[in-house]
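Just the heavy atoms: all of them, side chains too, but no hydrogens, waters or symmetry mates, feed the values below. So that the names make sense, note that chain A is the first sequence line, chain B the second, and so on, each numbered from 1.
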Amino acid sequence: MTPQLDYPAIHAIFSRLREAEAEPQGELDHTNAFTLLVAVALSAQATDKGVNRATRDLFPIADTPEKMLALGEEGLIEHIKTIGLFRNKAKNVIKLCQRLIDVYGGEVPSSRAALVSLPGVGRKTANVVLNMWFRLPAQAVDTHIFRLGNRSGICPGKDEAAVERAIEDNIPAEFQQHAHHWMILHGRYICVARKPKCGICPIRDWCLYEEKT
DNA sequence: ATCCCGAGGG
DNA sequence: CCCTCTGGAT
């Protein structure tokens with residue numbers, strides 16, 4: 001497995017990423033905690049662009065659990081059927097809304113345990129909401145961060161849990177809050193899955209990935 | 001380990 | 001055609 005990069009390399013990498021984008025934002029459209037939670041749940045194995053296209057017409061008429069329930073599973077499917085895994089997602093979102101109302105007073109809970117108890121919400125989705133909305137030090141490991149972390153040596157690990165630990169243990173405190181989006185954006189646009197764009201990569205000097213050409 | 005599952009890119 | 005996309009439940 002790729003070795004863990006040392007402190008100077010990690011510091012240099014995130015300094016460079018911060019230089020390019022001081023305040024990295026998520027790219028999932030949302031208007032409140034509820035629509036953020038739903039958008040993240042819908043984004044599983046789907047592009048944010050595809051999720052935004054579907055939620056553009058959905059969220060204006062269903063930005064609360066009550067309104068989403070009124071839409072119903074079939075009504076929801078009409079909005080999200082262009083997104084992969086839409087049947088499971090529709091079923092989960094409806095059940096999630098009912099549980100938010102029954103157990104959490106219609107509000108999105110701010111603890112990981114409560115979030116993970118919601119249908120269709122796993123550790124990754126919970127960590128995104130904790131990080132983006134509640135500004136807590138939670139590190140979500142998605143496909144991009146897993147790939148980038150292991151290729152580069154920023155946060156290598158055999159599974160998501162190991163990568164999450166590598167982030168917490170090796171990324172300096174000053175970068176922890178924004179590390180998630182810096183790595184997402186870099187993985188999405190530069191260190192892409194198929195053919196990483198090493199030629200224009202701003203952190204190439206410290207990366208351990210050997211381009212096989 | 002397997003299933004879910006459409007859109008977009010190469 | 002094949003692979004990938006901010007995964008989760010069984």
Side-chain angles (χ1 to χ4, degrees), chain A residues 17 21 24-30 33 35-58 73 76-100 108 112-134 136-152 154-155 157-164 166-167 176-199 211-213:
Chain A
L17 293 176
E21 186 67 61
Q25 304 292 316
E27 297 188 325
L28 278 175
D29 295 340
H30 60 281
T35 51
L36 172 63
L37 174 62
V38 173
V40 178
L42 292 177
S43 74
Q45 297 300 105
T47 62
D48 63 330
K49 207 178 285 185
V51 173
N52 288 340
R53 187 172 56 245
T55 59
R56 190 175 57 235
D57 294 323
L58 171 65
E73 189 174 322
L76 176 54
I77 284 179
E78 285 310 304
H79 284 90
I80 68 170
K81 63 184 176 185
T82 58
I83 305 174
L85 318 181
F86 67 89
R87 274 183 280 268
N88 281 339
K89 288 172 181 174
K91 200 178 302 289
N92 283 331
V93 167
I94 294 302
K95 287 180 5 190
L96 173 150
C97 290
Q98 192 62 59
R99 186 169 168 81
L100 282 181
V108 175
R112 179 179 294 136
L115 286 166
V116 169
S117 79
L118 300 168
V121 179
R123 188 179 179 91
K124 180 261 167 182
T125 297
N127 281 347
V128 173
V129 173
L130 291 172
N131 179 297
M132 284 185 68
W133 190 262
F134 296 107
L136 295 171
Q139 297 296 341
V141 179
D142 59 30
T143 180
H144 295 298
I145 290 178
F146 189 81
R147 180 181 66 248
L148 171 63
N150 279 296
R151 273 181 179 166
S152 64
I154 292 175
C155 49
K158 60 176 168 50
D159 54 30
E160 288 78 2
V163 171
E164 190 175 323
I167 293 171
Q176 284 275 336
Q177 182 67 49
H178 292 305
H180 174 70
H181 285 126
W182 276 320
M183 288 194 282
I184 291 282
L185 273 322
H186 188 72
R188 180 177 297 164
Y189 296 115
I190 307 291
C191 197
V192 295
R194 291 269 188 105
K195 199 164 171 275
K197 303 174 181 176
C198 301
E211 198 179 358
K212 308 173 192 60
T213 50

Checklist entry - Atom NZ of A/K91 and atom P of B/dC3: how far apart are they, to the nearest Å? => result 19 Å
Item to check | Residues A/R123 and A/E160 bridged, charged N to O under 4.0 Å | outcome: no
Next on the checklist: Base, sugar-phosphate or nothing for A/L148? Non-hydrogen atoms, less than 4.0 Å.
Outcome noted: nothing
Item to check | Rounded interatomic separation in angstrom, taking CG from A/L85 and C1' from C/dT10 | outcome: 15 Å
Checklist outcome for this item: Note: for A/V121 and A/G26 on DNA chain C, the residue whose nearest nucleotide lies more 5' is A/G26
Item to check | Given B/dC5, C/dC5, C/dT6, the nucleotide with the shortest approach to the side chain of A/F86 | outcome: B/dC5
Checklist entry - Does A/R53 make a side-chain N or O approach to OP1 or OP2 of B/dG8 shorter than 4.0 Å? => result yes
Checklist entry - What's the CZ-C1' distance between A/R194 and C/dC1, to the nearest Å? => result 11 Å
Next on the checklist: If I take atom CG in residue A/L115 and atom C1' in nucleotide C/dG8, what distance separates them, rounded to the nearest angstrom?
Outcome noted: 15 Å
Next on the checklist: Apply salt bridge (charged side-chain N to carboxylate O under 4.0 Å, His left out) to residues A/K91 and A/E73 and explain how you reach the verdict.
Outcome noted: CA-CA 6 Å; A/K91 200 178 302 289; A/E73 189 174 322; 3.4 Å; yes
Next on the checklist: Quick check for you: among B/dC4, C/dC2, C/dT6, whose closest atom lies nearest to any side-chain atom of A/H180?
Outcome noted: C/dT6
Checklist entry - With a 3.5 Å cut-off and just heavy-atom distances, do the side chain of A/H144 and the base of C/dT4 make a donor-acceptor pair? => result no
Item to check | Nearest to side-chain heavy atoms of A/A44, which nucleotide of C/dT6, B/dC5, C/dG7 | outcome: C/dG7
Checklist entry - When all nucleic acid strands are considered with a 4.0 Å heavy-atom cut-off, which category describes A/A193: base, sugar-phosphate, or nothing? => result sugar-phosphate
Checklist entry - In whole angstroms, how far is the P atom of B/dC5 from the CD1 atom of A/I80? => result 11 Å
Checklist entry - With no hydrogens and no angle check, is any side-chain donor or acceptor of A/N52 less than 3.5 Å from a backbone partner on A/H30? => result no
Checklist entry - Across the strands shown, which category fits A/G120 at heavy-atom distances under 4.0 angstrom: base, sugar-phosphate, nothing? => result sugar-phosphate
Next on the checklist: Run the salt bridge (charged side-chain N to carboxylate O under 4.0 Å, His left out) test on A/R188 and A/E27 for me, step by step, so that the C-alpha distance in whole Å, both residues' side-chain angles and the decisive distance to 0.1 Å come before the verdict.
Outcome noted: CA-CA 11 Å; A/R188 180 177 297 164; A/E27 297 188 325; 2.4 Å; yes
Item to check | Nearest-angstrom distance, P atom, C/dG8 to B/dA7 | outcome: 22 Å
Next on the checklist: Could you tell me how far apart A/N52 (CG) and C/dT6 (C1') are, to the nearest whole angstrom?
Outcome noted: 12 Å
Checklist entry - For atom P, what is the distance between C/dT6 and B/dA1, given to the nearest Å? => result 25 Å
Next on the checklist: So, OP1 or OP2 of C/dC5: does either fall under 4.0 Å of a side-chain N or O from A/T143?
Outcome noted: yes
Checklist outcome for this item: In whole angstroms, the gap separating P of C/dG7 from CZ of A/R147 amounts to 10 Å
Checklist entry - How do A/V116 and A/L28 order along DNA chain C: which one's closest nucleotide is nearer the 5' end? => result A/L28
Checklist entry - So which one's nearest nucleotide on DNA chain B is more toward 5', A/T82 or A/N88? => result A/N88
Checklist entry - Checking A/N150 side chain against A/F146 main chain: does a donor-acceptor pair fall under 3.5 Å? => result yes
Item to check | Distance in angstrom units between A/R188 CZ and B/dG9 C1', rounded | outcome: 15 Å
Checklist outcome for this item: Scanning both residues in full, the closest heavy-atom pair of A/R112 with A/A126 reads CG-CB, 4.4 Å
Item to check | Sugar-phosphate, base or nothing in reach of A/K89, heavy atoms under 4.0 Å | outcome: nothing
Next on the checklist: Counting distance alone, no hydrogens or angles: does the base of B/dC4 have a donor or acceptor under 3.5 Å from a partner atom on the side chain of A/R87?
Outcome noted: no
Next on the checklist: Under 4.0 Å from OP1 or OP2 of C/dG7: is there any side-chain N or O of A/Q45 that close?
Outcome noted: yes
Next on the checklist: Looking at C/dG8, I'd like to know if its phosphate oxygens (OP1 or OP2) sit under 4.0 Å from a side-chain N or O belonging to A/T125.
Outcome noted: yes
